[in-house]
2 protein chains.
Amino acid sequence: MVAFNRKERDKKLRRSDILRAAEHVFALRGYHKATIRDIAREAQYATGTVYLHFKDKDDLYFALFENKIKMLLSLLKERVEREEDSRIKLRVFLREALDFFEKNKDFFRIFVYEGSQIYTEDRIAGSVPGRQFKEYLIKLVREGQERRIIRSDLIPGQTGDIFFAILKTVVIECFKLGKGSLTDLSDTILGYFVDGVGRRR
Amino acid sequence: MVAFNRKERDKKLRRSDILRAAEHVFALRGYHKATIRDIAREAQYATGTVYLHFKDKDDLYFALFENKIKMLLSLLKERVEREEDSRIKLRVFLREALDFFEKNKDFFRIFVYEGSQIYTEDRIAGSVPGRQFKEYLIKLVREGQERRIIRSDLIPGQTGDIFFAILKTVVIECFKLGKGSLTDLSDTILGYFVDGVGRRR
DNA sequence: TCGTTCTGTGAACAACTGTTCACAAATAAA
DNA sequence: TTTATTTGTGAACAGTTGTTCACAGAACGA
C-alpha cells in the first residue's frame, strides 16, 4: 500500500489516530492479544509507523491510559468544583463520570478489565494522572467528612476506593446487560455508597 | 534429570503439585508472563509432564480457578448455613472469606488482578463454580431482604456484586499496605455495605 | 528375572509477535 | 524542475514460548 496525501493531518493528529485505534483494539482483545499489526491496520497505517510515534507497545498503552485519565479528571474537577454542597458534588462527580464512560466504553473496558493487571497496576497507579485521580477522590471524601456528610471515622483513601469500586461494579453490570444510558445510575450508586443497603432506622 | 521414585505420590497428588506450582507462578508473573517451563520447574517436573495432567495452559489455569472457587464456596456454605440471623450470616461469610484469602494470597492475587481480564472473565463467570458462587451471593441478599436486614428495593444480583466488590477493595488495600491479619476487617466491610458512609440520621 | 506398560523427560518444532531498517513515496526547499 | 528531507512501508529478524514426541527409566505382573 502506498502512503497517500496526509499533509492535512499533522503529527498530533496522526498520533491520536493511532491512540484511537489502540483504544479500540486493546478494548477488544486485551493488552496481550492486541498486536501492533492489528492496531496499525485499524489506524490504516503500516506496522512500522506506530514506532514513529511511540517508543514501544508499552509506551502506546500507557500513553492511552494517561491521556484518558487526564481528560476524565480535568472534566470532573471543572464540573464538580462549581458546586458547594458536598452531597451534590458527589452526585455531579457520578453524573460526569458515568457520562464519560458512556462515551468512552472502549476505554472503560481497558480501565476495568486490564487496569488492574499485575504489571500494569503499579505503573498506572504510580503515574501522575493515576495518583492525581486518587488524590482527588480522597479530597472529596475529606470534604464530605468536614461537611458532616460522610462519617468521620472512615479512612479517606479506603472510602474513596470503595466509592469508585461501587461505581465500576454498577457500570460493568449495566454494560453486561447491554442497557443504554448510564446517566440515571448516579442515584443508585449514591444510595449504595452513602446509605448502604441496610434499612433506615 | 532422572525421574526418581514417586510411587507414593499418586496421580491426584501430582496434579495438585502442578496446581500448587501454577498458583504460585501465575500469581507472581500473571497469566501471560507465566510460562509452562516456570510452572514445571516450580513443581519439580519437566516441561512435558505438565501436559500429561492438563490439556494446555488454559486448562491448567481454569482448573486452578474452579478448584479454588469450589473450595471457598463449600467452606462458606458450610459455615454460613449454621447461622440463623441474616446479619450474622453476612459477618460469618466475611470472616470465612477473609480467612480463606489470607491463607490463599496467591490465589487472591490471581482472582483479583487477572480474574477480570477480558478473555478470562466470561469463562470464569460462566463456569459452574463461578455461577454457583454468584447464585449463593444472590441467595444471601434475598434472605437479607426477607428478614428485613437489606432494603427490598435493591436488585439482589447488583447488591451481591457490590458486597463482593467492597470485600475485594478492602482486601486489596490491606495487602498493598502489607498489613497482617484480615480477620478483623469484617466489621469494616459490613459497615460500608450495610450502613454506608453517611452519618446516621 | 524378564517383558510389558505407564510415566517423565527435555530437546526440537512451529507459530507468533515486538521491533528494526533498507527502501520508497511524499513533501518542502531551492 | 530538481534536490533534499521527512515520513510511511512492510518484509525480515530475533526472541519467546506453547506444544509435541522419540526416548529412557520406573513400576508392575508373571
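Sequence lines set the chain letters: A, B, ... in the order given, protein chains first and strands last, and positions in each chain run from 1. Quick note: numbers below take in every heavy atom, side chains included, and nothing from hydrogens, waters or symmetry partners.
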Inset, instruction - Step through the shown structure and confirm whether more than 12 heavy atoms of other residues, nucleotides or ligands are within 6.0 Å of CD on A:Glu84. - result: no
Legend entry - Nucleic acid contacts of residues 33-42 of chain A, taken as heavy-atom distances under 4.0 Å to DNA chain C: A:Ala34, A:Thr35, A:Ile36, A:Arg37
Legend entry - Atom pair distance, as rounded to whole Å: OH in A:Tyr51 and C1' in D:dA11: 15 Å
Legend entry - Euclidean distance, atom CG of residue A:Leu52 to atom P of D:dG8 [Å, nearest integer]: 6 Å
Inset, instruction - Could you check how far NE2 of B:His32 sits from P of C:dG18, rounded to whole Å? - result: 11 Å
Legend entry - Results of ring-ring contact (aromatic ring centres under 6.0 Å, His included) for B:Tyr61 - residues two or more places apart only: B:Phe26, B:Tyr31, B:Phe65
Inset, instruction - May I ask you to evaluate whether B:Thr49 reaches the phosphate of C:dT9, defined as a side-chain N or O under 4.0 Å from OP1 or OP2? - result: yes
Legend entry - Between C:dG8 (C1') and B:Phe54 (CZ): distance, integer Å: 16 Å
Inset, instruction - Please indicate whether B:Arg148 has more than 12 foreign heavy atoms, meaning atoms of other residues, nucleotides or ligands, lying under 6.0 Å from its CZ. - result: no
Inset, instruction - Take the protein atom CG of B:Asp56 and the nucleotide atom C1' of D:dT17, then report the distance between them rounded to whole Å. - result: 14 Å
Inset, instruction - Kindly say if A:His53 contacts the phosphate of D:dG8, meaning a side-chain N or O under 4.0 Å from OP1 or OP2. - result: yes
Legend entry - Euclidean distance, atom OH of residue B:Tyr45 to atom C1' of D:dA26 [Å, nearest integer]: 13 Å
Inset, instruction - Could you tell me whether B:Lys103 and B:Asp99 make a salt bridge, using a distance below 4.0 angstrom between a side-chain N and a carboxylate O? - result: yes
Legend entry - Separation of C:dT19 P from A:Asp58 CG (nearest whole Å): 8 Å
Legend entry - Between P of D:dT20 and NZ of B:Lys57, the distance in whole Å: 15 Å
Inset, instruction - Verify the neighbour count for atom CZ of B:Arg123: are there more than 12 heavy atoms of other residues, nucleotides or ligands below 6.0 Å? - result: yes
Inset, instruction - For A:Lys68, check salt bridge (charged side-chain N to carboxylate O under 4.0 Å, His left out) against everything at least two apart and list the hits. - result: A:Glu23
